[in-house]
J.: 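Please read through the structure below; I'll follow up with questions.
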There are 2 protein chains.
Amino acid sequence: MDSSELKRAGLKATLPRLKILEFLENSDVRHMSAEDVYKALLESGEDVGLATVYRVLTQFEAAGLVVRHHFEGGQSVFELEQGKHHDHILCVKCGKVDEFMDETIEERQKKIAKEKGYAMTDHSLYIYGVCGECQKEE
Amino acid sequence: MDSSELKRAGLKATLPRLKILEFLENSDVRHMSAEDVYKALLESGEDVGLATVYRVLTQFEAAGLVVRHHFEGGQSVFELEQGKHHDHILCVKCGKVDEFMDETIEERQKKIAKEKGYAMTDHSLYIYGVCGECQKEE
DNA sequence: AATAAGAATGCGAACTCTTCTCATTTACGT
DNA sequence: ACGTAAATGAGAAGAGTTCGCATTCTTATT
Ligand SMILES: [Mn+2]
Ligand SMILES: [Mn+2]
Ligand SMILES: [Zn+2]
Ligand SMILES: [Zn+2]
């Protein structure tokens, strides 16, 4: 277990934090809800509380280790910070998530904020649609 | 009270529905939560239940009379349908909401969806920032 | 290695927003 | 005016998340 990342983030290297970070790093699914993380840890025999998962993910977010998204559906979705900003395109049928980054859109947003007199701090863009796989199934 | 809009939408012209529609049409605020609508009606002496406000707004959405948004903060926000699609820019200090439409962004989104193999159905774009007014206050 | 002090955890309660249930009321074609 | 189906209001319930607090861990210090 590598506690250096946590230490660097100013967080004590507790077992729940280590387990959650390790899970996020080794999972092949990039975007997960708190519940997803909680259930996965339970299934692998770890004894964590759901409240702790929420707390830890929020702390990770504050520390810049993870990013939180608000996909449609009500629950927060988290992913490991990758350094490079990106937006998401989601399949409304199967829930598949793809990522993209479009410099033109990014620029336009800045321009719009300026025109409207806003000091832009953030933005969120989600494209919804039916993915290739799901289009095949009639 | 003009019940024709409701009839046209295939909805019975009930008192709560008329009151809610009338309020949405006459309010100077365009974007409102169910709670906002509920409180406003109570204050003007109307006797509606919160559950009814939620139900009616959802029906209005299905009928295309209003559009629902998911601004940060957890609650749904509704606005009268204006015919023309637009996106939103919000002040993180005072909650001010401005609207915009950028043809270039719209086009780029379609292009991205196509590239990724998605049949695009919808999208949501929110820009967050500090509005002109709020920038003055240090 | 044992200790002490504060931080973190797990549990359930609580909270917010929204939907559901169901007895009662209302709309509207006849 | 009546009858029937649809809509309403009130409160319970549900989903997602946070809170409170007694207990357990971490980590710095002996
Ligand atoms: Mn992502
Ligand atoms: Mn709008
Ligand atoms: Zn799909
Ligand atoms: Zn402002």
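Proteins get letters first, then strands, A, B, ... in listed order; numbering begins at 1 in each. Just so it is clear, the structure is predicted and the values come from calculations on it, not from any experiment.
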J.: Is it the case that one hydrophobic cluster holds both A:M101 and A:L80, taking links as side-chain heavy atoms less than 4.5 Å apart, direct or via other members?
T.: no
J.: Whole Å only: how far is the CZ atom of A:R17 from the P atom of C:dG10?
T.: 11 Å
J.: Expressed in angstrom and rounded to an integer, what is the separation of B:L15 atom CG from D:dG9 atom C1'?
T.: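 From B:L15 CG to D:dG9 C1': 14 Å.
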J.: Under the criterion side-chain hydrogen bond (donor to acceptor under 3.5 Å, both in side chains), I'd like the reasoning laid out for A:Y118 against B:D98: C-alpha separation, chi angles, the key distance, then a yes or no.
T.: CA-CA 10 Å; A:Y118 282 71; B:D98 274 308; 2.8 Å; yes
J.: Using a cut-off of 4.0 Å on non-hydrogen atoms, how would the nucleic acid contact of A:A13 be classed: base, sugar-phosphate, or nothing?
T.: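 Result for A:A13 = sugar-phosphate.
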J.: Decide if atom CD of B:E133 counts as having more than 12 heavy atoms of other residues, nucleotides or ligands within a radius under 6.0 Å.
T.: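 For B:E133, atom CD is not crowded (no more than 12 foreign heavy atoms under 6.0 Å).
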J.: Which residue in the set B:R30, B:E79, B:M32 passes side-chain contact (heavy atoms from CB on, under 4.5 Å) when paired with B:L24?
T.: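 It is B:M32; the other options fail the test.
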J.: Output the single nucleotide from D:dA7, C:dG6, C:dT9 whose closest atom is nearest the side chain of A:K12.
T.: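 Looking only at side-chain atoms, A:K12 lies closest to C:dG6.
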J.: Between atom CD in A:E72 and atom P in D:dA15, what is the gap in whole Å?
T.: 19 Å
J.: If you compare every side-chain N and O of B:S76 against the phosphate oxygens of C:dC17 (OP1, OP2), does one of them come in below 4.0 Å?
T.: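 The answer is no; no side-chain N or O of B:S76 sits under 4.0 Å from OP1 or OP2.
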J.: Within this structure, what is the CG-to-P distance between B:L11 and D:dA6, rounded to whole angstrom?
T.: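 My rounded result for the distance is 13 Å.
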J.: For A:E35 and D:dT18, what is the distance between atoms CD and P respectively, to the nearest whole Å?
T.: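 One finds 13 Å between P of D:dT18 and CD of A:E35, rounded.
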J.: Does A:T14 put a side-chain nitrogen or oxygen below 4.0 Å from OP1 or OP2 of C:dT9?
T.: yes
J.: Would you kindly give the NE2-to-P distance between B:H70 and D:dG16, to the nearest whole Å?
T.: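 Rounded to the whole Å, the gap is 14 Å.
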J.: Taking salt bridge (charged side-chain N to carboxylate O under 4.0 Å, His left out) as the cut-off, I'd like each qualifying pair that reaches into residues 50-76 of chain B, sequence neighbours left out, listed once.
T.: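 Listed once each, the pairs are B:E61-B:R68.
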J.: Nearest 0.5 Å, what's the CG-NE2 distance between A:D102 and A:H86?
T.: 14.0 Å
J.: Between atom NZ in B:K7 and atom C1' in C:dG29, what is the gap in whole Å?
T.: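 After rounding, the gap between these two atoms is 12 Å.
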J.: Near DNA chain D, counting only heavy atoms under 4.0 Å, which residues of residues 45-65 of chain A show up?
T.: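 Contacts with DNA chain D under 4.0 Å: A:L50, A:A51, A:Y54, A:R55.
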J.: State whether B:R8 and B:E5 are salt-bridged, where the test is any N-O pair (Lys NZ or Arg NE/NH1/NH2 against Asp/Glu carboxylate O) under 4.0 Å.
T.: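 Not counted as a salt bridge, because no side-chain N and carboxylate O are separated by less than 4.0 Å.
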J.: Roughly how many Å is it from NZ in B:K39 to P in C:dT16, rounded to a whole number?
T.: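 Roughly 11 Å, once rounded to whole Å.
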J.: Is the backbone of B:L11 close enough, under 3.5 Å, to the side chain of B:Q59 for a donor and an acceptor to pair up by distance?
T.: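 Between the backbone of B:L11 and the side chain of B:Q59 there is no qualifying donor-acceptor contact (under 3.5 Å).
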J.: For a quick check under 3.5 Å, do A:E106 and A:H85 share a side-chain donor-acceptor pair by atom type?
T.: yes
J.: Between the two end axes of the helix from C:dA1-D:dT30 to C:dT30-D:dA1, each built from 5 base pairs, what angle do you get to the nearest 10°?
T.: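 Comparing the first five pairs with the last five, the axes sit 30° apart.
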